[in-house]
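These notes concern the structure reproduced below.
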Amino acid sequence: MAEAEDQQMQLLKRAFSMFDTAKRGTIEKEKVRTILSTLGHSYDEKELEQMLSDEDPEGTGRMDFEAFCRVASHFLESEDEEALQKELKEAFRLYDKEGNGYIPTSSLREILAALDDQLTSDQLNEMIAEIDTDSSGTVDFEEFMEMMTGD
């Protein structure tokens, strides 16, 4: 089970840093909702709201990675690796309409931009260059999974 937890940690780290574009070590509390939804997790709005305010007693509207992990893992606990992969596959499939097993980097750009509307064009290019290591202009499912799970 430790490996799945490790993967989950990687995924959370990845998601967190996508939103922490200023690299301040904190993200806006509101982004937690986006991250959970993006990862396909259902959550109870009241429960989430309560946890977010518990984690932000000063009302700063921001939270650090540890606080984010506490909140996110509360909602991810029942998740297992297969379910996670299935969700990522679904997300990938939405963009791989022809079922080619890969998506153009322009679609990946859309996914990343949807994940974080604060990303600059340069940051997006950098992330895509990191993912599309063979400069093929496409990202296959393996590359996509690697990006999302850090494997």
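Side chains are part of it too, since the values below use all heavy atoms of this structure and drop only hydrogens, waters and symmetry mates. Source: prediction; values computed, not measured.
In terms of modelled atom types and a separation under 3.5 Å, the side chain of D132 and the main chain of V139 share no donor-acceptor contact.
Remark: the S107 side chain and the E110 side chain contain no N/O donor-acceptor pair separated by less than 3.5 Å.
The ring-ring contact (aromatic ring centres under 6.0 Å, His included) analysis of residues 109-143, with sequence neighbours excluded, yields the pairs F92-F141.
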So T105 and T138, side chain to side chain contact (heavy atoms under 4.5 Å, CB included) or not? Walk me through it.
CA-CA 5 Å; T105 47; T138 60; 5.9 Å; no
Output, in order, the C-alpha distance, side-chain angles, deciding distance and verdict of side chain to side chain contact (heavy atoms under 4.5 Å, CB included) for T120 and T21.
CA-CA 9 Å; T120 66; T21 42; over 6 Å; no
Can M63 and E28 be said to form a side chain to side chain contact (heavy atoms under 4.5 Å, CB included), step by step?
CA-CA 6 Å; M63 74 187 358; E28 291 163 37; over 6 Å; no
Take Q123 and Q118 through the test side chain to side chain contact (heavy atoms under 4.5 Å, CB included) and record every step on the way to the result.
CA-CA 10 Å; Q123 286 170 314; Q118 303 292 301; over 6 Å; no
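Atom CD of E66 sits in a sparse spot, with 12 or fewer heavy atoms from other residues, nucleotides or ligands closer than 6.0 Å. Around atom NZ of K46, no more than 12 heavy atoms belonging to other residues, nucleotides or ligands sit under 6.0 Å away.
F65 is not listed as a side-chain neighbour of I27, based on a closest heavy-atom distance of 4.5 Å or more. Side chains of M127 and L119 form a contact here, defined as non-hydrogen atoms less than 4.5 Å apart.
Scanning all heavy atoms of the two residues, the minimum distance from G25 to D20 falls at N-OD2, 2.8 Å. Closest approach of A67 to E55, counting heavy atoms only: CB-OE1, 3.5 Å. Residues I35 and A15 come closest through the heavy atom pair CG2-CB, 3.8 Å. When all heavy atoms of F68 and V32 are compared, the closest pair comes out as CD1-CG2, 3.9 Å. Smallest separation of non-hydrogen atoms from D96 and G101: OD2-N, 2.7 Å.
The salt bridge (Lys or Arg N to Asp or Glu O under 4.0 Å) search around R109 returns none, not counting sequence neighbours.
The OG atom of S121 sits 8.5 Å away from the CD1 atom of I128 when rounded to the nearest 0.5 Å. Note that CD of E47 and CG of L52 are 10.5 Å apart. Values are rounded to the nearest 0.5 Å. Residue L108 holds its CG atom at 9.5 Å from OH of Y95, rounded to the nearest 0.5 Å.
Hydrophobic clustering, with ILVMFWY side chains joined whenever heavy atoms are under 4.5 angstrom apart, keeps Y102 apart from F144.
Comment: R33 engages E49 in a salt bridge, judged by a side-chain N to carboxylate O separation of less than 4.0 angstrom.
Applying side chain to side chain contact (heavy atoms under 4.5 Å, CB included) to K29 and the options D56, L48, V71 leaves one that passes, D56.
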